[in-house]
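Numbers here simply count residues along the sequence, with the first being 1. In each ligand, atom 1 is the first atom listed, and ligand 1 is the first ligand listed.
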Amino acid sequence: MVTKNRTKFYVTTPIYYVNDVPHIGHAYTTIIADALARFHRLCGHEVFFLTGTDEHGQKIERAASERGLKPKELADQVVLRFKDLWLALNISYDFFIRTTEPFHEKGVQKIFQKLKDKGDIYKGIYKGWYCISDENFLAEDVPLEPSGEKICPDCGKKAILVSEECYYFRLSAYQQKLLDFYAANPDFVRPPGRMNEVVSFVRQGLKDLSITRTTVKWGIPVPDDPQHTIYVWFDALHNYVTGIGYGWNNELFERFWPADLHLIGKDILRFHAIFWPAFLMAAELPLPRTVFGHGWWLKDETKMSKSKGNVLDPHIILDAFGPDPLRYFLLREIPLGQDGNFSHEGFLHRVNSDLANDLGNLVQRTLTMIWNYFQGKIEGAEPENQSDLALKEAFSQLKEKVKILFEDYAINRALEEIWAFINQLNKYLADNEPWKLASIKEKRGRLARILLECARGLWGIAYLIYPVMPASAEKIWEMLGEKRPISSLKFHEINPDLFSADNQMQKPEALFPRVSLQDFLGREIKKEVRMEQKGEMISFDEFKRMDLRVAEVIKAERVPGTDKLLRLEVNIGDETRTMVAGVAETYSPEDLIGKKIVVIVNLKPAIIRGIESQAMLLAAEVGGRAIIPFFDRDVPAGAKVK
Ligand code: MSP
């Protein structure tokens, strides 16, 4: 639903864990927020765009100790990587919050104390299972494995057993209040399917929530009881209020709170749609307007995440293309709530067809003709005819549609509409064939008019794509001789007539160079080599830690519902293992049965599509496909590979 009469727009991203460097999944949420923030600024709304890092908790404590660092040292390093990436992606955040900053810690303690004083926080004992990777307490009904352990149903990792004194938040007291709130505010959770998930979860009953730990030291101390540290999610969620002045700048806080939009991935919906509003109700603060749970970028059918080792480094794409193609691809390819599969082929296809062909060529052809026929300054255009006026009318309709779609967070639909207009302009050019008029003296006025309309259309297109592709939009304006920055014109006043026919235009430069898959993959390989040269070599001792074995495939079948995955059973000498391999695009199950391959057998198992994968095969990746190396003579299963 469109929020009318808006004067301000406060948008947030999740604050990202600093256990590892950012990847395309993190970039996705932040790019969405940036495009929306830029759009609302164009509309003249007062915008506050908050992002930052989540730096406390057991996950960070553990990641730091694995690297021999103090948690704050690790955070300081990783924060720079996030900030670098946001700079490279042209992210226009207004404030970057770190949860280790004193103003945040004080704000969280203040709210904790307030809730304790009013009886919403009380002391008890927690005994149960905890997933460090998700920083989440497991529900009691998660079954015990035969090994006597519990596996986190969300991420598939082993949970740890916790038994300690803690403070509880009286979540159960907010069950009905939450249900009433959802009923009165159907747009609180979007898309609607996610709202249904939340409502049915809450209807099943809410238990009180443990919100402190004594066995975790890396966190905000509980006021007056410092051997307890505050649970990382209680700490982190409050960044949305402390980041906007709660406890340190009341005027700012009053101006922007409540948030208009919390953008999050669907993985952290419950924290935002259940815990967060309950905490706010308890603190007697207004509730955010919308929590939007977007989908995931998948690689090989599984969620891209560092712990699964299937992340894509955005810098490889940024080095080759700059920020706009990646911003465009991520926002255009999938509607906000859905998952998408990231492939280099898919990325290049979109960039080459939508950006290089449709838009890039249009800019190139128009400006080349304006330069060749008018030395960059159009003169003597005759009056508009019907087809020129139709173009103008189409733009004004487009502008209204784009506004409604952006207001409704349907960015991919807005881009579709803009591209329909780009193609209409391409057709206008093809129908009017200005190149045929260039040599006819009496047609010069018509030639000028056609090129002027194209330049105006491009000027309008650049304005509309600015939230998604700010650098390219500014570049197009510059080539069109426009001196005003895009952000100086408000959305409601935009109209192609504002483009002056007197502009001195430039000779075109390629906006989006075409890149072939081979060149692109070549860069990726070079980048890996560069990384190695940067000192990220491993020692022989580290190599020796890998237990590589010859394995004979005894059974192979497709993993249902996937195109890429095979489930294999392999014999590694004295044992049979099950594994999931992303090779189905290159090999059918029959191709592999009886074959001997190389697998690593001491890699931590991973759950892929509900199957525990207990080994990983070695393969070359060529053009996104896996090619398995086979032996040139017979070798026994179980033989060591060194
Ligand atoms: N620190 C918590 C959030 C606290 S907010 C008060 C956290 N951090 S995270 O580093 O794991 O990042 C989570 C967010 O990154 C997801 O919710 C999502 O927005 C984004 N993504 C991470 N991987 C993703 C994909 N593969 N695809 C799309 N977005 C993903 O959870």
Side-chain angles (χ1 to χ4, degrees), residues 11-34 50-60 63 74-75 78-79 81-82 85-86 96-100 104 107-108 131-136 152 154-155 157 194 218-219 230-244 259 261-277 279-280 288 291-314 326 329-331 333-343:
V11 60
T12 66
T13 71
I15 48 171
Y16 302 105
Y17 286 130
V18 288
N19 60 315
D20 229 318
V21 296
H23 60 73
I24 283 194
H26 305 125
Y28 180 50
T29 321
T30 314
I31 291 170
I32 302 168
D34 187 64
L50 180 71
T51 190
T53 40
D54 188 354
E55 304 188 1
H56 289 128
Q58 203 164 5
K59 179 175 171 121
I60 311 301
L74 174 65
V78 177
V79 160
R81 302 291 293 268
F82 273 96
L85 180 60
W86 300 156
F96 188 103
I97 185 167
R98 300 183 56 179
T99 53
T100 46
H104 169 77
V108 172
C131 169
I132 297 179
S133 181
D134 286 359
E135 296 281 19
N136 192 16
C152 171
D154 295 326
C155 71
K157 302 228 178 73
R194 302 245 145 85
W218 181 234
I230 296 176
Y231 171 42
V232 62
W233 273 101
F234 187 91
D235 163 352
L237 285 162
H238 286 93
N239 92 87
Y240 300 132
V241 290
T242 60
I244 196 75
L261 179 64
H262 288 315
L263 274 168
I264 56 162
K266 61 182 179 178
D267 44 330
I268 52 175
L269 184 63
R270 284 184 197 166
F271 299 97
H272 284 81
I274 302 173
F275 299 172
W276 181 224
F279 296 157
L280 288 167
V291 171
F292 205 119
H294 66 66
W296 286 336
W297 280 100
L298 312 172
K299 184 93 177 56
D300 303 327
E301 315 285 340
T302 29
K303 182 182 174 228
M304 219 185 272
S305 75
K306 192 76 193 180
S307 54
K308 294 201 186 80
N310 64 346
V311 293
L312 287 168
D313 175 0
L326 182 60
F329 176 77
L330 294 177
L331 297 181
E333 196 72 2
I334 50 171
L336 213 50
Q338 286 176 21
D339 290 349
N341 221 343
F342 196 102
S343 72

query = Which ligand 1 atoms are under 4.0 Å away from a heavy-atom of Ala236?
reply = 6 (C)
Ligand-residue contact atoms, ligand 1 with Ile268, heavy atoms, under 4.0 Å = 3 (C), 17 (O), 31 (O)
query = Between Val79, Val78, Asn19, which is the residue that forms a side chain to side chain contact (heavy atoms under 4.5 Å, CB included) with Glu55?
reply = Val79
remark   = The answer for which part of His272 has a heavy atom under 4.0 Å from ligand 1 is side chain
task = Could you label the plane-to-plane angle of the Tyr28 and His294 rings as parallel, tilted or perpendicular, counting under 30° as parallel and over 60° as perpendicular?
result = perpendicular
ask   = What do you reckon, does His294 put a non-hydrogen atom under 4.0 Å from ligand 1?
value = yes
query = What do the steps show when you test Tyr240 against His272 for ring-ring contact (aromatic ring centres under 6.0 Å, His included), and what is the final call?
reply = CA-CA 11 Å; Tyr240 300 132; His272 284 81; 5.5 Å; yes
key: Under-4.0 Å heavy-atom contact with ligand 1, by part of Asp267 that carries it   = side chain
query = Identify the closest protein heavy atom to atom 3 (C) of ligand 1: which residue and atom is it, and at what distance?
reply = Ile15 O, 3.2 Å
task = Heavy-atom contacts with Gly295 under 4.0 Å: which atoms of ligand 1 show up? List them by number with element.
result = 28 (C)
query = At their closest point, which heavy atom of Thr29 faces which heavy atom of Pro14, and how far apart are they?
reply = CG2-CD, 3.5 Å
task = Please round to the nearest 0.5 Å and tell me the distance separating atom CG of Leu336 and atom CD1 of Ile32.
result = 4.5 Å
ask   = Is Lys157 salt-bridged to Asp134, cutoff N-O under 4.0 Å?
value = no
request  = List the closest protein heavy-atom neighbour of atom 27 (N) of ligand 1: residue, atom name, distance to the nearest 0.1 Å.
outcome  = Trp297 N, 2.8 Å
task = Could you tell me the residue and atom name of the protein heavy atom closest to atom 12 (O) of ligand 1, and the distance to it rounded to 0.1 Å?
result = Tyr16 CD2, 3.5 Å
key: Donor-acceptor pair, side chain of Trp233 and main chain of Trp276, under 3.5 angstrom   = no
key: Straight-line distance of Asp20 CG to His26 NE2, nearest 0.5 Å   = 9.0 Å
message = Please check: side-chain N/O of Arg81 versus main-chain N/O of Val21, any donor-acceptor pairing under 3.5 Å?
response = no
request  = Tell me which protein heavy atom sits closest to atom 24 (C) of ligand 1, plus the residue, atom name and distance to 0.1 Å.
outcome  = Gly25 CA, 3.5 Å
ask   = Nearest protein heavy-atom contact for atom 10 (O) of ligand 1: which residue, which atom, what distance?
value = Tyr17 N, 3.0 Å
message = Over 60° means perpendicular and under 30° means parallel, so tell me whether Phe271 and Phe275 are parallel, tilted or perpendicular.
response = perpendicular
request  = Specify side chain, backbone, both or neither for Trp233, according to which of its non-hydrogen atoms lie closer than 4.0 Å to ligand 1.
outcome  = side chain
inquiry  = Among all protein heavy atoms in this structure, tell me which lies nearest to atom 19 (O) of ligand 1, with the distance rounded to 0.1 Å.
reply    = Thr29 OG1, 2.7 Å
ask   = When you measure from atom 17 (O) of ligand 1 to every protein heavy atom, which one gives the shortest distance, and what is it?
value = Gly265 N, 3.0 Å
query = Which atoms of ligand 1 are found less than 4.0 Å from any heavy atom of Tyr240?
reply = 5 (S), 6 (C)
message = Give the atom numbers and elements of ligand 1 that come within less than 4.0 Å of a heavy atom of Asp54.
response = 1 (N), 2 (C), 4 (C)
ask   = OG1/Thr99 to NE2/His56 distance, rounded to the nearest 0.5 angstrom?
value = 5.0 Å
key: Protein residue, atom and distance nearest to atom 23 (N) of ligand 1, heavy-atom basis   = His23 CE1, 3.3 Å
